[in-house]
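Chain letters run A, B, ... following the sequence lines, proteins first and then strands; every chain starts at 1.
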2 protein chains.
Amino acid sequence: MYQYQYPHPAVTVDCIIFGFDGQNLKVMLVQRKSEPFAKMWALPGAFVNEDESLESCAERVLMKEGNISGVYLEQLFTFGTPSRDPRERVISVAYMGLVKTADFELIAGNDELQIEWRDVEQVGDLAFDHNDILATAIQRIRGKIRYQPIGFELLDSKFTLPQLQQLYEAILGQSLDRRNFRKKLLSMQILKQLSEKQQNVAHKAAFYYEFDRERYEVLMKEGIYLELV
Amino acid sequence: MYQYQYPHPAVTVDCIIFGFDGQNLKVMLVQRKSEPFAKMWALPGAFVNEDESLESCAERVLMKEGNISGVYLEQLFTFGTPSRDPRERVISVAYMGLVKTADFELIAGNDELQIEWRDVEQVGDLAFDHNDILATAIQRIRGKIRYQPIGFELLDSKFTLPQLQQLYEAILGQSLDRRNFRKKLLSMQILKQLSEKQQNVAHKAAFYYEFDRERYEVLMKEGIYLELV
DNA sequence: GTTTCATTGTGTAAAAAATACACTAAATAA
DNA sequence: TTATTTAGTGTATTTTTTACACAATGAAAC
């Protein structure tokens, strides 16, 4: 048992992991095995260990659920309504992660019945206040994708411009003009065109591009403010 | 004593309260009475009570330090490096507040030797990781002031356009063209011009304006994205 | 092997927004 | 009465955003 002079809340990290399947934005959900909210779907999370930073805790969750590391993670918000967990006071620090679903090998943990990628439009009632957390995350990714090149985290390292546009449209929930999208993105000079094209597509093949991280770092150092869409 | 089956961290809320004196951006600092970091300056904060939300805790801190309530508050970030407090594991949820310094009657609390408004450019070494927290807050307010009308929280309800511009210049750290600033702000239609003018100034008196909150709410509902500067 | 289908890739003109810039008006102080 | 300081204003130029249509490509179908 651990003793303290004053009451201490429990602290968890919950992860909103977004993925993209080429069509729609997905979020990783797990089905809880035990109470509270047994059998309900929830965001994956873990209690913070004593000697672990919040970000390490989020990384640990990702490793546990999908055996993956080195992905984009950012702290989203901390949820601390006293009654949000019926067991005891639990404060949850939410982290948002962006991954390539193909890299992820979904593995249900010990406390979980199932794990899956769910379309963000098809998420029903989640355990705890996880619907609120998810809503906050969607708001954040929508706001952020316009001026930070985080979208590339959701695609393979080689991607076509139409694929990138599809991703933007899925996240923003609106369609974009193809010519203007290309013009704007290419004018940023953070994309490298490859000589390689798509193979085995029943229509004109699109060229592949890569995100030019070095070039992006240079722009950031110069204090250039990108507006991507 | 409070007992738990697993280790629980302590959780605090630290507040970055910005004020504006007409010239420069200020931040509220307190001088610590006791160890650790006795006599050093720090951000005001408090441990989170068991039945108190994080935001309520931030409000409690503001009430304690300046007997003020009903001000703009937003959650900034949660700092959780395991070693950030030498006593025990302490996770700190930082809240950023914007206030009119004139409304604030600074009152040093029991644990504090002094309390004061310090120019954000003149802040020396602070206790704990509070310099990092402050840096994060300055970054946030700079990013945010461009597209959300939070600046008004730092001014009296009646203000002149040159005062507003001075505030923007202080926060952004750059000077702005007077004519373009006026044109842009007024085109947003979120300011109401009053018939009243400045009194007792040794130059042409400027008209007072008020922030038009209702009009702003309408714009928000319509999903209008403001770009204020 | 010709046609069909689906999708990629491209440029320009018009509209809107951002920028640069200089003089007169008003209020107190000298 | 004059000097000093700051408020208030408009326009021309540049830049950015928007709207929009057709030829090229590659596999699939016939």
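Side-chain N/O atoms of Arg182(B) and base N/O atoms of dA7(D) include no donor-acceptor pair closer than 3.5 Å. One can find a donor-acceptor pair under 3.5 Å joining the base of dT19(C) and the side-chain atoms of Lys183(B). No donor-acceptor contact under 3.5 Å links the side chain of Lys204(B) to the base of dT6(D). Taking 3.5 Å as the limit, the base of dA7(D) and the side chain of Arg179(B) contain no donor-acceptor pair of atoms between them. At a cut-off of 3.5 angstrom, counting only N and O atoms as typed in the model, there is no donor on one side facing an acceptor on the other between the side-chain of Lys184(B) and the base of dT19(C).
In this structure, Phe128(A) has its ring center no closer than 6.0 Å to that of Phe79(A).
Ion pairing of Glu116(A) with Arg118(A) is present here, as a side-chain N (NZ or NE/NH1/NH2) and a carboxylate O approach within less than 4.0 Å.
In this structure, CD of Gln165(B) is placed 14 Å from P of dT9(D), rounded to the nearest angstrom. Taking atom CG of Asn180(B) as the reference point, atom P of dG10(D) lies 14 Å away to the nearest angstrom. Note: OH (Tyr225(B)) to P (dT17(D)) measures 13 Å, nearest angstrom. Atom CZ in Phe181(B) sits about 14 Å away from atom P in dT19(C), given to the nearest Å. When the P atom of dT17(D) is taken as reference, atom CD of Glu227(A) falls 6 Å away, rounded to whole Å. Computed from coordinates, the Asp177(A) CG to dC20(D) P distance equals 9 Å when rounded to whole Å. One can place OH of Tyr147(A) at 21 Å from P of dT16(D), the figure rounded to the nearest angstrom. One interatomic measurement links the two molecules: CG of Leu226(A) to P of dT16(D), which rounds to 13 Å at whole-angstrom precision.
Near-neighbour residues of DNA chain D inside residues 189-200 of chain B, defined by a heavy atom below 4.0 Å, are absent.
At least one donor-acceptor pair under 3.5 Å links the side chain of Glu169(A) to the backbone N or O of Leu176(A). Using a distance-only test at 3.5 Å, with no hydrogens or angles considered, no donor-acceptor pair links the side chain of Glu227(B) to the main chain of Tyr147(B).
Between Tyr209(B) and Arg182(B), the shortest heavy-atom contact is OH-NH2, 4.1 Å.
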- [ ] Carefully, step by step, assess Val27(B) and Trp117(B) under the rule side-chain contact (heavy atoms from CB on, under 4.5 Å).
- [x] CA-CA 5 Å; Val27(B) 62; Trp117(B) 290 110; 5.7 Å; no

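Taking the six-membered ring where the residue is Trp, Phe211(A) and Tyr216(A) present tilted rings, their angle falling between 30° and 60°.
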